[in-house]
Amino acid sequence: MIRLLIADDEKLEREALADMVSRRFEHEVVIEMAENGRKAADTAVLWRAELILMDIEMPGMSGLDAARAVLAQRPGCRVIFITAYSLFQYAHEAVHLGACDYLLKPVDPDELEASIRRAIRQIETERKLAALAPVEPESAEEAEEPEAETENENSQTAMVMAQVRQYLEDNYMFDLSLDSVGEILHISPAYLSAQFKKYQKMNFLDCLTELRINAAKELLADPFRSSAEVASMVGYEDASYFARAFKKRTGMTPTQYRRQIKAVPHPEGVL
């Protein structure tokens, strides 16, 4: 069961969200509620919440500040922000904090379900990673002797690297690195790098970049999203660095790619 906290200063909003979640995740989550940011922060830490539906505009302590307080102590907690205000500043801060999603009120039940399911998938993938943590060779000599590995060890390592790949697919928008994933697995970044390349046929950074750029291509199809906003949504804090990475991978800047999309005739317009 996933421990899910709902934080909103409006009682009717809390109850409505709780009802939506209960109907669609009856046997998957246990729900707790908080009526303000301070209580949300305290409850999330003491209750060990794994997922929070957090209203941004709350008296005393905002949802953004409450999330910062929680994530400082429980970095693995997932947060889905909910707000009545469609402000880029809010969206940018939410992404910067590592939010799973940013939903506008009134919340669409289908969108909420999809967002929660993504978050649950991320949580479950991280649990599997921790459970599958391989035993790292005690010395460099052992790492250089694949013949010393048993068939079971090879199979286990392959399974772990497949889970690492899945973890990247679910979490590419966050600040991921060899260090952070290695910490989850309790193995060194160097060992993770070598094994990932061996079993996934590409290095860790190339895989992460590929996932981010592919996601950016889809987001750039929306003319109402700026390149800077797309950069934040796929895990790049620096829009200029994102533009360089995008061009290196596609041969075009984000702006040029967007123009190319517009230039392609819609299928219905082809005679």
Side-chain angles (χ1 to χ4, degrees), residues 2-21 25 29-108 111-112 114-120 122-123 126 170-177 179-180 183-184 225-226 228-239 242:
I2 300 293
R3 291 186 293 276
L4 186 151
L5 173 65
I6 297 174
D8 196 304
D9 60 308
E10 296 289 340
K11 183 180 179 182
L12 291 178
E13 294 284 356
R14 289 197 306 275
E15 293 177 347
L17 286 170
D19 183 60
M20 284 186 214
V21 173
F25 298 89
V29 303
V30 55
I31 297 172
E32 185 61 73
M33 292 192 276
E35 66 272 15
N36 57 59
R38 172 50 61 191
K39 185 175 181 182
D42 293 341
T43 302
V45 172
L46 295 173
W47 187 55
R48 293 181 298 143
E50 296 169 284
L51 174 59
I52 307 174
L53 301 184
M54 184 85 80
D55 183 25
I56 289 181
E57 289 286 338
M58 289 189 285
M61 176 183 273
S62 73
L64 292 168
D65 288 336
R68 287 191 191 92
V70 172
L71 295 173
Q73 298 186 63
R74 292 187 56 76
C77 185
R78 297 302 195 270
V79 181
I80 297 171
F81 285 109
I82 299 173
T83 180
Y85 303 94
S86 180
L87 298 176
F88 173 70
Q89 181 183 354
Y90 279 171
H92 178 74
E93 288 190 54
V95 170
H96 181 71
L97 283 170
C100 288
D101 213 340
Y102 177 88
L103 304 177
L104 293 177
K105 295 180 180 181
V107 176
D108 179 271
E111 287 185 7
L112 179 65
S115 184
I116 291 175
R117 291 208 178 280
R118 280 194 298 272
I120 289 176
Q122 291 171 3
I123 293 167
E126 191 160 312
D170 290 337
N171 296 276
Y172 65 82
M173 68 291 295
F174 302 133
D175 183 18
L176 297 182
S177 66
D179 287 339
S180 64
E183 186 176 348
I184 295 172
R225 295 189 190 279
S226 68
E229 186 176 359
V230 170
S232 291
M233 293 177 72
V234 299
Y236 291 98
E237 283 300 309
D238 187 332
F242 162 67

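Computed from a predicted model, the values in this text were never measured in an experiment. Hydrogens, waters and symmetry mates play no part in the numbers below; they use all other heavy atoms, side chains included.
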Visitor: Is Asp175 atom CG crowded by more than 12 heavy atoms from other residues, nucleotides or ligands, each under 6.0 Å away?
Guide: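 Open: at most 12 neighbouring heavy atoms sit under 6.0 Å from CG of Asp175.
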Visitor: Is the count of non-hydrogen atoms from other residues, nucleotides or ligands lying under 6.0 Å from Arg117 atom CZ greater than 12?
Guide: yes
Visitor: Is a donor on one side and an acceptor on the other found under 3.5 Å between the side chain of Thr43 and the backbone of Lys39?
Guide: yes
Visitor: For a 4.5 angstrom cut-off between non-hydrogen side-chain atoms, does Ile56 reach Ile82?
Guide: no
Visitor: Locate the shortest heavy-atom distance separating Ser115 from Ile80; write the atom from each residue and the value.
Guide: OG-CD1, 3.3 Å
Visitor: What's the spacing between Glu111 CD and Leu103 CG if we round to 0.5 Å?
Guide: 6.5 Å
Visitor: Which distance, rounded to the nearest 0.5 Å, do you find between the OG1 of Thr83 and the CE of Met54?
Guide: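 It is 12.5 Å, given to the nearest 0.5 Å.
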Visitor: Would you check, one step at a time, whether the test side-chain contact (heavy atoms from CB on, under 4.5 Å) holds for Leu112 with Leu53?
Guide: CA-CA 10 Å; Leu112 179 65; Leu53 301 184; 4.2 Å; yes
Visitor: Whether the side chain of Asn171 engages the backbone of Phe174 through a donor-acceptor N/O pair (distance < 3.5 Å, no angle test) should be reported.
Guide: no
Visitor: Please name the pair of heavy atoms, one in Phe242 and one in Val234, separated by the smallest distance, quoted to 0.1 Å.
Guide: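 So the two residues come closest at CE1-CG2, 4.2 Å.
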Visitor: Can you tell me how far the CG atom of Asn36 sits from the CG atom of Asp8, to the nearest 0.5 Å?
Guide: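 Answer rounded to 0.5 Å: 11.0 Å.
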Visitor: Taking all atoms of both residues into account, what is the closest heavy-atom pair of Glu126 and Gly76, and its distance?
Guide: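 What the structure gives for the nearest pair is OE2-CA, 4.4 Å.
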Visitor: Would you compute the distance between atom CD1 of Ile52 and atom SG of Cys77 and round it to the nearest 0.5 angstrom?
Guide: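 Spacing of CD1 (Ile52) from SG (Cys77) equals 4.0 Å.
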Visitor: Would you say the side chain of Ile120 lies within less than 4.5 Å of the side chain of Phe25, judging by non-hydrogen atoms?
Guide: yes
Visitor: Take Asp55 and Lys105 through the salt bridge (Lys or Arg N to Asp or Glu O under 4.0 Å) test and state the conclusion after the steps.
Guide: CA-CA 10 Å; Asp55 183 25; Lys105 295 180 180 181; 3.5 Å; yes
Visitor: Using ring-ring contact (aromatic ring centres under 6.0 Å, His included) as the criterion, list what pairs up with Phe81, not counting sequence neighbours.
Guide: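 For Phe81, no residue satisfies ring-ring contact (aromatic ring centres under 6.0 Å, His included) once neighbours in sequence are set aside.
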Visitor: Could you grab the distance from atom CD1 of Ile6 to atom CD of Glu15, nearest 0.5 Å is fine?
Guide: 10.0 Å
Visitor: Let me confirm one number: the CG-CD1 distance from Asp170 to Ile123, rounded to the nearest 0.5 Å.
Guide: 11.0 Å
Visitor: Considering only heavy atoms from C-beta outward, does the side chain of Ser232 approach that of Glu229 to under 4.5 Å?
Guide: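 No. Closest side-chain heavy atoms not under 4.5 Å.
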Visitor: Return yes if some donor-acceptor pair links the side-chain N/O of Arg78 with the main-chain N/O of Leu51 below 3.5 Å, else return no.
Guide: no
Visitor: Return the minimal non-hydrogen interatomic distance between Cys100 and Ala119, and the atom names on each side.
Guide: SG-CB, 4.0 Å
Visitor: Using a 3.5 Å distance criterion without hydrogens, assess whether the side chain of Glu50 forms a donor-acceptor pair with backbone atoms of Arg3.
Guide: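 At least one qualifying donor-acceptor pair exists.
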Visitor: Do any N or O atoms from the side chain of Arg74 and from the backbone of Ala49 form a donor-acceptor pair under 3.5 angstrom?
Guide: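 It does hold such a pair.
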Visitor: Would you indicate whether Leu12, at its atom CG, is surrounded by more than 12 heavy atoms from other residues, nucleotides or ligands within a distance under 6.0 Å?
Guide: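 Atom CG in Leu12 is not crowded, with 12 or fewer foreign heavy atoms closer than 6.0 Å.
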Visitor: At their closest point, which heavy atom of Ala41 faces which heavy atom of Val70, and how far apart are they?
Guide: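 Answer, listing the atom of Ala41 first, then Val70: CA-CG2, 3.6 Å.
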